[in-house]
**Q** 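Sending over a structure as structure tokens; questions will come in a sec.
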Amino acid sequence: MVLQTLWMVFLVIFLDFGSATQTDQDSTDSHALEEARTLNATNTLDLLLKNYDKRLRPKFGGRPVTVYVDLYIVDIGEISVTNMDYRMTMYFRQTWEDPRLKFSGNDQIVAQGDILDKIWIPDTYFNNEKKSNFHEITKKNYVLIFWPNGTVFFSIRISLTGVCRMNLRKYPMDSQKCMLNIMSYSYSETDAKYTWKRGHVKSVEQSPDISLPQMDLVSIRASETTDIYSTGNYSRLGLVFSFKRRLSLFITETYIPSIMIVALSWISFWINYKAAPARVALCITTVLTMITLTSAVRNSLPRVTYTKYSDWILILCLIYVFGALVEFAIINFHDSLEARKRENLNNKLRSIDVERGSDAGYRSRTESSDLKTKYLQRQMSSLREKMKSFTEQDVNVQKIDSRARVLFPLSFLIINLIFWIYFIVDSSRA
């Protein structure tokens with residue numbers, strides 16, 4: 001029994017030692033293989049670059065080199081209306097064939113470092129960019145991959161600011177299209193031709209997390225074309241980004257405050273017209289507030305020569321706010337005019353009373369004095385009738401206010417409905 005136990009222990013120790021020895025042997029072999037592959041790749045790159053002239057394009061003097069392009073859009077930043085531009089970050093990928101970089105083997109070589117400065121790279125640029133930069137944290141964000149058949153894959157991370165010419169006539173219900181053009185700076189179609197790697201649809205990918213603060217990205221459309229310049233015909237790839245502005249921001253920041261200011265001006269119709277300081281203060285305050293809001297909205301947009309949708313709405317609100325002030329001015333002018341007429345009638349009544357008093361002092365009445373008395377009585381009755389009409393002046397002024405309480409909101413609502421129906425129909429046209 002003891003011998004059997006000792007034998008089992010011996011077998012376990014022997015098997016563990018054999019397994020450890022085999023693991024060490026496999027690790028050594030794997031390390032030796034990795035070193036051999038690294039040395040082989042190093043020698044291959046050194047051999048490829050030994051007589052390589054990066055100043056000349058592949059297939060120099062023969063067929064044009066075809067540059068296949070595809071890209072992945074990481075993020076689209078804010079679209080600036082004032083600066084007419086947009087920001088974008090993307091992985092820009094180019095693939096081309098360079099017969100000088102063919103090598104034997106089956107494995108691709110992924111390289112970094114200064115090799116980027118030792119081989120020919122397409123001089124691709126974006127002809128409608130304002131500025132762009134390469135990312136270098138924590139190292140330069142690019143990769144080069146070489147295939148045995150001479151195919152080169154070059155991917156780099158780029159952030160750029162592109163020009164986006166906008167038509168703001170339909171703001172804030174506008175749709176904008178921003179362009180991104182990709183082409184060679186020095187090589188015409190006889191030397192370099194650009195094409196989408198996987199077609200117009202699949203060559204442009206985008207992150208599902210792209211979200212813009214004021215707009216929605218509707219679509220991205222790719223195209224291929226040729227631009228004609230005095231120096232030759234140049235191959236160009238184009239991207240068209242279609243954006244649709246969200247209306248909610250304009251509603252919450254501009255339209256609702258404007259409606260509230262206009263409605264606040266209508267409160268003056270419920271204030272007695274004789275309380276002039278209160279009505280004037282309210283009307284002037286709403287007018288100045290509306291002017292300030294209009295200026296703030298216009299300062300957030302570029303100065304253009306045409307009238308935008310937002311301008312029509314703000315102008316309408318400003319007209320109605322100013323109209324409330326004009327309505328009080330009309331009432332006040334009418335009241336002042338009638339007050340002067342009432343004062344003139346009172347003066348006439350007093351003069352008639354004086355004349356009647358002087359006639360009453362006579363003891364004997366002549367025929368002429370009787371006629372004069374009757375004339376004065378008729379004058380008195382006529383003036384009293386006019387005075388009664390002036391007592392109804394307050395009622396007439398109140399009728400103007402009461403009508404304004406209905407006409408101002410009703411007409412404002414109707415005009416707003418007409419505006420919005422027109423805006424919706426007009427903005428829906430392509």
**Q** Any salt bridge between Asp426 and Arg169, counting N to O under 4.0 Å?
**A**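 The answer is no: the pair does not qualify as a salt bridge.
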**Q** Does one side chain, of Glu189 or Thr226, offer a donor that lies under 3.5 Å from an acceptor on the other?
**A**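 Per modelled atom types, Glu189 and Thr226 side chains form a pair under 3.5 Å.
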**Q** Specify the closest pair of heavy atoms between Ser80 and Asn83, including all atoms of both residues, with the distance to one decimal.
**A**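 The pair with the smallest heavy-atom distance is OG-N, 3.1 Å.
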**Q** Using a 3.5 Å distance criterion without hydrogens, assess whether the side chain of Lys59 forms a donor-acceptor pair with backbone atoms of Asp98.
**A**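 Pair absent, no side-chain N/O of Lys59 close to backbone of Asp98.
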**Q** Heavy-atom count around Arg198 CZ within 6.0 Å, excluding the residue itself: above 12?
**A**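 For Arg198, atom CZ is crowded (more than 12 foreign heavy atoms under 6.0 Å).
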**Q** Report, as yes or no, whether the 6.0 Å neighbourhood of atom OH on Tyr72 holds more than 12 heavy atoms from other residues, nucleotides or ligands.
**A**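 Above 12, so yes.
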**Q** How far does SG of Cys178 sit from CZ of Phe241, to the nearest 0.5 angstrom?
**A**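 Interatomic distance, Cys178 SG to Phe241 CZ, rounded to 0.5 Å: 8.5 Å.
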**Q** Does any part of the side chain of Asp46, heavy atoms only, come nearer than 4.5 Å to the side chain of Lys50, both counted from C-beta?
**A**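 No, their side chains stay 4.5 Å or more apart.
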**Q** Show the numbers, then the answer: is there a ring pair (Phe, Tyr, Trp, His ring centres under 6.0 Å) between Tyr171 and Tyr309?
**A** CA-CA 6 Å; Tyr171 178 88; Tyr309 285 177; 9.4 Å; no
**Q** Are Asp123 and Ser184 close enough, and set up right, to give a side-chain hydrogen bond (donor to acceptor under 3.5 Å, both in side chains), and what steps lead you there?
**A** CA-CA 6 Å; Asp123 60 341; Ser184 173; 2.7 Å; yes
**Q** Measure the shortest side-chain to side-chain distance between Val65 and Asp191 over non-hydrogen atoms and say whether it is less than 4.5 angstrom.
**A**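 With C-beta onward as the side chain, the pair stays apart.
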**Q** Minimum heavy-atom separation for Val81 to Met166, with atom names?
**A**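 Nearest heavy atoms, Val81 then Met166: CA-SD, 4.2 Å.
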**Q** Tell me, yes or no, whether the heavy-atom count around Lys193 atom NZ, taken from other residues, nucleotides or ligands under 6.0 Å, exceeds 12.
**A**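 Incorrect, the count does not exceed 12.
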**Q** Give a yes or no on whether a salt bridge exists between Arg405 and Glu327, defined as a side-chain N under 4.0 angstrom from a carboxylate O.
**A**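 No, this pair does not count.
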**Q** For Glu97 and Val152, what are the C-alpha separation, side-chain angles and deciding distance, and is it a side-chain contact (heavy atoms from CB on, under 4.5 Å)?
**A** CA-CA 6 Å; Glu97 183 181 349; Val152 183; over 6 Å; no
**Q** For Lys177, I'd like to know if atom NZ has over 12 heavy atoms of other residues, nucleotides or ligands within 6.0 Å.
**A**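 No, not enclosed.
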**Q** How many angstroms lie between atom OG1 of Thr254 and atom CD1 of Ile259, to the nearest 0.5 angstrom?
**A**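 Spacing of OG1 (Thr254) from CD1 (Ile259) equals 11.5 Å.
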**Q** Atom CG in Leu247, atom CD in Gln214: separation rounded to 0.5 Å?
**A**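 Going from the CG atom of Leu247 to the CD atom of Gln214 covers 12.0 Å.
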**Q** Do Asp114 and Lys118 sit within salt-bridge range, that is, some charged N less than 4.0 Å from a carboxylate O?
**A**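 Yes, charged N to carboxylate O under 4.0 Å.
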**Q** Is a donor on one side and an acceptor on the other found under 3.5 Å between the side chain of Asn141 and the backbone of Lys139?
**A**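 Answer holds: yes.
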**Q** Do other residues, nucleotides or ligands put more than 12 heavy atoms under 6.0 Å from the OH atom of Tyr68?
**A**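 Count not over threshold, so no.
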**Q** Side chains of Gln176 and Asp174 only: does a donor on one sit below 3.5 Å from an acceptor on the other?
**A**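 Yes, because at least one side-chain N or O of Gln176 sits under 3.5 Å from a partner of the opposite role on Asp174.
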**Q** Salt bridge between Asp311 and Arg298, side-chain N to carboxylate O under 4.0 Å?
**A**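 Salt bridge: yes.
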**Q** Do you know the tightest heavy-atom contact between Pro64 and Ala192?
**A**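 The pair with the smallest heavy-atom distance is CB-N, 3.9 Å.
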**Q** Evaluate the criterion side-chain contact (heavy atoms from CB on, under 4.5 Å) for residue pair Ile424 and Met173; output intermediate values, then yes/no.
**A** CA-CA 8 Å; Ile424 293 173; Met173 303 178 68; 3.7 Å; yes
**Q** State the NE2-CZ distance between His135 and Arg157, to the nearest 0.5 angstrom.
**A**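 Here the rounded value is 4.0 Å.
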**Q** Heavy-atom count check: over 12 atoms from other residues, nucleotides or ligands less than 6.0 Å from Trp420 CH2?
**A**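 It does: Trp420 CH2 has more than 12 such atoms within range.
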**Q** Less than 4.5 Å apart, side chain to side chain, heavy atoms only: is that true for Ile145 and Trp147?
**A**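 The answer is yes, as the side chains (C-beta and beyond) meet within the 4.5 Å cut-off.
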**Q** Could you verify whether a donor N or O on one side chain and an acceptor N or O on the other, from Tyr255 and Thr252, lie under 3.5 Å apart?
**A**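 On atom types as modelled, these side chains do not qualify, holding no pair under 3.5 Å.
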**Q** Any donor and acceptor pair, going by atom type alone, linking the side chain of Trp196 with main-chain N or O of Ser223 inside 3.5 Å?
**A**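 Yes; at least one donor-acceptor contact below 3.5 Å.
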**Q** Would you say the side-chain atoms of Ser203 pair up with the backbone N or O of His200, donor to acceptor, closer than 3.5 Å?
**A**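 Between the backbone of His200 and the side chain of Ser203 there is no qualifying donor-acceptor contact (under 3.5 Å).
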**Q** Is the shortest heavy-atom distance from the side chain of Val240 to the side chain of Met179 under 4.5 Å?
**A**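 Result yes, sub-4.5 Å side-chain heavy-atom pair found.
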**Q** Please determine, by modelled atom types, if Asp85 and Thr161 share a side-chain donor-acceptor pair under 3.5 angstrom.
**A**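 Not at all, the side chains of Asp85 and Thr161 share no donor-acceptor pair under 3.5 Å.
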**Q** Do Pro58 and Arg100 come close enough that some side-chain heavy atom pair is under 4.5 Å?
**A**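 Counting from C-beta outward, Pro58 and Arg100 do come under 4.5 Å.
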**Q** Rounded to the nearest 0.5 Å, how far does CZ of Phe243 lie from OG of Ser219?
**A**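 Atom-to-atom, Ser219:OG and Phe243:CZ are 9.5 Å apart.
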**Q** If the test is salt bridge (charged side-chain N to carboxylate O under 4.0 Å, His left out), which one of Lys244, Arg245, Arg246 qualifies with Asp216?
**A**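 Checked Lys244, Arg245, Arg246 against Asp216; only one passes salt bridge (charged side-chain N to carboxylate O under 4.0 Å, His left out): Arg246.
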**Q** Please check if the distance between the ring centroids of Phe408 and Phe412 is under 6.0 Å.
**A**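 No.
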**Q** Which atoms form the tightest heavy-atom contact between Asn128 and Asn181, and what is the distance?
**A**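 Reported closest heavy-atom pair: OD1-N, 3.3 Å.
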**Q** Please evaluate residues Tyr320 and Ser411 with respect to the criterion side-chain hydrogen bond (donor to acceptor under 3.5 Å, both in side chains), reporting the C-alpha separation (whole Å), side-chain torsions for both, the decisive distance (0.1 Å), and the verdict.
**A** CA-CA 10 Å; Tyr320 269 82; Ser411 60; 2.6 Å; yes
**Q** Within this structure, what is the CD1-CZ distance for the pair Ile331 and Phe269, rounded to the nearest 0.5 Å?
**A**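 It is 8.0 Å, given to the nearest 0.5 Å.
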**Q** Considering all heavy atoms of both residues, which atom of Ser207 and which atom of Val74 are nearest to each other, and what is their separation?
**A**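 Heavy-atom minimum between the residues: CB-O, 3.5 Å.
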**Q** Starting from the C-alpha separation in whole Å, work towards a yes-or-no answer on ring pair (Phe, Tyr, Trp, His ring centres under 6.0 Å) for Tyr142 and Tyr91.
**A** CA-CA 9 Å; Tyr142 79 89; Tyr91 299 128; over 10 Å; no
**Q** For the residue pair Asn133 and Ser159, confirm or rule out a side-chain donor-acceptor distance under 3.5 Å.
**A**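 Their side chains do not contain a donor-acceptor pair, so the 3.5 Å distance test is not met.
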**Q** Less than 4.5 Å apart, any side-chain heavy atom of Trp96 and any of Trp120?
**A**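 Contact flag for Trp96/Trp120 side chains = yes.
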**Q** Contact between Leu318 and Leu314 at the side-chain level, heavy atoms closer than 4.5 Å - yes or no?
**A**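 Result no, sub-4.5 Å side-chain heavy-atom pair not found.
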**Q** Kindly determine whether Ile220 and Gln206 satisfy side-chain contact (heavy atoms from CB on, under 4.5 Å), including the steps that lead there.
**A** CA-CA 9 Å; Ile220 303 176; Gln206 66 185 66; 3.2 Å; yes
**Q** Applying side chain to side chain donor-acceptor pair (under 3.5 Å) between Thr124 and each of Tyr187, Tyr185, Tyr194, report the one that passes.
**A**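 Only one option passes, and that is Tyr194.
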**Q** For Leu48 and Lys102, work out which heavy atoms get closest and say how close.
**A**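 Here Leu48 and Lys102 meet closest at CD2-O, 3.2 Å.
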**Q** Given Thr66 and Thr195, is the side-chain contact (heavy atoms from CB on, under 4.5 Å) satisfied, shown in steps?
**A** CA-CA 7 Å; Thr66 301; Thr195 185; 3.7 Å; yes
**Q** Please determine whether the number of non-hydrogen atoms from other residues, nucleotides or ligands lying under 6.0 Å from atom CZ of Phe60 exceeds 12.
**A**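 Counting other residues, nucleotides and ligands, CZ of Phe60 stays at 12 neighbours or fewer.
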**Q** Just wondering, more than 12 heavy atoms not from Phe134 lying within 6.0 Å of its CZ?
**A**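 Atom CZ in Phe134 is not crowded, with 12 or fewer foreign heavy atoms closer than 6.0 Å.
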**Q** Between Ile119 and Phe146, is any pair of side-chain heavy atoms under 4.5 Å apart?
**A**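 A side-chain contact exists here, since the closest heavy-atom pair is under 4.5 Å.
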